[in-house]
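Heads up, the thing below is written out as structure tokens.
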Amino acid sequence: MTSKASRSSAVAPGDIRFAFVRASGPGGQNVNKVATAVQLRFDVRGTRALSSAVKERLGQLAAGRITASGELVIEAKRFRTQERNRQDALERLARLIERASRSPRVRHATTPPGAAKERRLRSKHHRSVTKRLRGRAHADGE
């Protein structure tokens with residue numbers, strides 16, 4: 001795994017904007033007074049640090065968090081301090097970019113082995129016999 005410094009240096013600081021807002025949830029009066037929650041906005045479409053393939057995969061990974069203008073929005077409010085939430089948001093962005101930069105493995109089509117085909121056909125025949133036996137009973141003479 002790469003270090004935080006190399007991951008964060010891949011993205012230009014101009015592509016990231018921070019907004020600090022008041023967090024919801026427990027925390028007493030501190031919640032009402034201090035803007036500790038962080039809203040990180042990353043311009044996915046405008047950045048030159050990522051290739052078009054990585055941008056596309058990032059769009060698929062974070063589809064619900066990308067605005068119509070192409071900005072990825074990450075909200076961090078787990079911690080009580082603004083700085084910790086800011087670091088948390090940057091780490092989450094780095095993890096997302098790291099996941100998007102890994103190209104998906106190519107799936108090679110395979111055929112089922114002969115024994116598996118045989119088991120399936122035997123199972124189908126057994127089921128067929130079971131259903132056939134559910135019909136009306138026939139007299140021998142008819």
Next item on the list: Apply side-chain contact (heavy atoms from CB on, under 4.5 Å) to the pair Arg95 and Glu91, showing each step before the final yes or no.
Entry: CA-CA 6 Å; Arg95 280 196 306 267; Glu91 288 169 6; 4.2 Å; yes
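- Residue pairs meeting the salt bridge (charged side-chain N to carboxylate O under 4.0 Å, His left out) criterion with at least one member in residues 122-133, sequence neighbours excluded: Glu118-Arg122.
- For Val54 against Ser101, the heavy-atom pair with the smallest separation is CG2-CA, 3.9 Å.
- Side-chain atoms of Asn85 come within 3.5 Å of backbone atoms of Arg78 as a donor-acceptor pair (strictly under, hydrogens ignored).
- Pairs engaging residues 51-72 under the salt bridge (charged side-chain N to carboxylate O under 4.0 Å, His left out) rule: Arg17-Glu71, Arg41-Glu71 [sequence neighbours left out].
- Between Phe79 and Val38, the closest side-chain pair of non-hydrogen atoms is not below 4.5 Å.
- Classification of Asp88 and Arg92 as a salt-bridged pair holds, one side-chain N sitting under 4.0 Å from a carboxylate O.
- Leu96 is not connected to Val73 by any chain of hydrophobic side-chain contacts under 4.5 Å among Ile, Leu, Val, Met, Phe, Trp and Tyr, and they are in different clusters.
- Two residues are said to be in side-chain contact when any heavy atoms from C-beta on lie closer than 4.5 Å; Thr130 and His126 meet this criterion.
- For the residue pair Ala37 and Lys77, the shortest heavy atom distance occurs at CB-CB, 3.8 Å.
- Within the model, atoms CZ of Arg86 and CG of Leu40 stand 9.0 Å from one another, a figure rounded to the nearest 0.5 Å.
- Taken to the nearest 0.5 Å, the CZ atom of Arg105 stands 9.5 Å off from the NE2 atom of His108.
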